[in-house]
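Just the heavy atoms: all of them, side chains too, but no hydrogens, waters or symmetry mates, feed the values below. One is the number of the first residue; the rest follow in order along the sequence. None of the values given here were measured: they were computed from a predicted structure.
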Amino acid sequence: EQALEMKHRLILSVCFLIPLMALSMGMMWGWPMPSFFQGTENAVTYAFTQFLLVLPVMFINRAFYTGGFRALIHRAPNMDSLIAVGSGAAFVYGIFAIYRMSWGLGRGDEALVMHYHMDLYFESVSMILTLITVGKYLEARSKGKTSDAIRKLIDLTPKTALVERDGKETEIPAEEIRKGDIVIVKPGTSVPVDGTVLS
């Protein structure tokens, strides 16, 4: 069940990560980019679109933030605390960069706009959360497989046992076997308890 939830989280995260990576890294990779994302005059549109794409990924993986910050408040930081602080700092800096670009556009300061235009880290937030979710999904899957294997082993244990009491063979629930009982194991049946082989 946990593995299934992680799988859904991972699929949804990837759905938003792909367009975010294409938008943030597309120009560096030489991909064609719509004109309304190009140039300093469209810097805020470019940044705000990335902001909108990272929000769903953060919401989908909000468990990292709730668990991480709770652990931090209780002075017992864990891996989730590191993820929450790291990705949270990148997200807050991205918001700061949008405000700086807006201020630069208002003042006609193109150098300032270009500086912050290339200084966004929304794709890092999304990538961190998605990669950690991959790890959590694989961990949940292995735990699920281990639990299934243990469950199957438990199911192999016989529910009843054939014991010899007062010279008669009696079938009783396996948990009712007492110390000193002689257990009869017939061909093809499983041994219900540990014991000493008498014959």
Side-chain angles (χ1 to χ4, degrees), residues 1-74 77-142:
E1 195 175 299
Q2 193 189 3
L4 192 65
E5 185 208 330
M6 282 292 171
K7 188 179 181 181
H8 289 149
R9 268 171 62 176
L10 180 59
I11 291 166
L12 286 168
S13 298
V14 169
C15 288
F16 288 99
L17 174 67
I18 291 168
L20 178 54
M21 289 301 289
L23 180 62
S24 63
M25 300 291 180
M27 281 189 270
M28 283 188 252
W29 295 337
W31 292 356
M33 198 62 65
S35 57
F36 53 82
F37 287 136
Q38 293 178 23
T40 51
E41 66 280 5
N42 295 312
V44 173
T45 306
Y46 170 78
F48 193 68
T49 306
Q50 289 186 47
F51 169 79
L52 291 176
L53 285 168
V54 80
L55 282 178
V57 181
M58 292 178 80
F59 179 74
I60 291 159
N61 297 291
R62 63 191 177 278
F64 292 131
Y65 296 101
T66 53
F69 286 122
R70 194 182 297 120
L72 211 54
I73 289 162
H74 291 111
N78 55 21
M79 187 65 180
D80 286 355
S81 305
L82 185 64
I83 296 158
V85 170
S87 62
F91 178 72
V92 169
Y93 183 81
I95 294 169
F96 169 74
I98 292 173
Y99 276 102
R100 291 294 285 161
M101 279 188 273
S102 300
W103 192 70
L105 283 170
R107 291 190 59 189
D109 188 344
E110 282 200 26
L112 182 70
V113 176
M114 276 313 290
H115 170 74
Y116 285 102
H117 181 260
M118 291 297 158
D119 223 10
L120 298 164
Y121 298 103
F122 293 125
E123 82 286 348
S124 302
V125 175
S126 200
M127 185 62 85
I128 289 165
L129 293 172
T130 305
L131 286 176
I132 298 295
T133 304
V134 170
K136 295 269 186 183
Y137 165 63
L138 294 173
E139 184 185 1
R141 227 177 76 171
S142 345

About how many Å separate [atom2] of [Y] and [atom1] of [X], when rounded to the nearest 0.5 Å?
| X | Y | atom1 | atom2 | result |
| --- | --- | --- | --- | --- |
| L20 | C15 | CG | SG | 13.0 Å |
| L53 | F122 | CG | CZ | 10.5 Å |
| E110 | T40 | CD | OG1 | 3.5 Å |
| I83 | L131 | CD1 | CG | 10.5 Å |
| S87 | M127 | OG | CE | 13.5 Å |
| M101 | D119 | CE | CG | 9.0 Å |

Ignoring hydrogens, what is the shortest heavy-atom contact between [X] and [Y]? Give both atom names and the distance.
| X | Y | answer |
| --- | --- | --- |
| V44 | S102 | CG2-OG, 3.7 Å |
| E41 | L105 | CA-CD2, 4.2 Å |
| L112 | R100 | CD1-NH2, 3.5 Å |
| L120 | G94 | CD2-O, 3.9 Å |
| L10 | T130 | CD1-O, 3.8 Å |
| S81 | A71 | OG-CB, 3.6 Å |

Exercise. Is the side chain of H115 donor-acceptor paired with the backbone N or O of A111 at a distance under 3.5 Å, no angle test?
Worked result: no

Problem set entry | Polar side-chain atom of S142 near backbone of L138 as donor-acceptor pair, under 3.5 Å | yes

Problem set entry | side chain to side chain contact (heavy atoms under 4.5 Å, CB included) evaluation trace for V54 with F16 | CA-CA 7 Å; V54 80; F16 288 99; over 6 Å; no

Exercise. Is any side-chain heavy atom of L55 less than 4.5 Å from a side-chain heavy atom of F59?
Worked result: no

Problem set entry | Whether Y93 and Y116 hold their rings parallel, tilted or perpendicular, with breakpoints at 30° and 60° | tilted

For this session: Report the C-alpha separation of S13 and N61 in whole Å, then their side-chain angles, then the decisive distance to 0.1 Å, and conclude whether the side chain to side chain contact (heavy atoms under 4.5 Å, CB included) test is met.
Result: CA-CA 8 Å; S13 298; N61 297 291; 3.0 Å; yes

Exercise. Are D80 and K136 ion-paired here, with the side-chain N under 4.0 Å from a carboxylate O?
Worked result: yes

Problem set entry | Lys NZ or Arg CZ of R9 over F64 ring: under 6.0 Å, within 45° | yes

Exercise. Checking R62 against Y65: charged group under 6.0 Å from the ring centre and within 45 degrees of the axis?
Worked result: no

For this session: Using distance alone, with no hydrogens and no angle criterion, decide if N42 and T45 have a side-chain donor and acceptor under 3.5 Å apart.
Result: no

Exercise. Side chain to side chain contact (heavy atoms under 4.5 Å, CB included) between H117 and M114: does it pass, once the steps are laid out?
Worked result: CA-CA 5 Å; H117 181 260; M114 276 313 290; 4.3 Å; yes

Exercise. Between F48 and F51, does the ring centre distance come in under 6.0 Å?
Worked result: yes

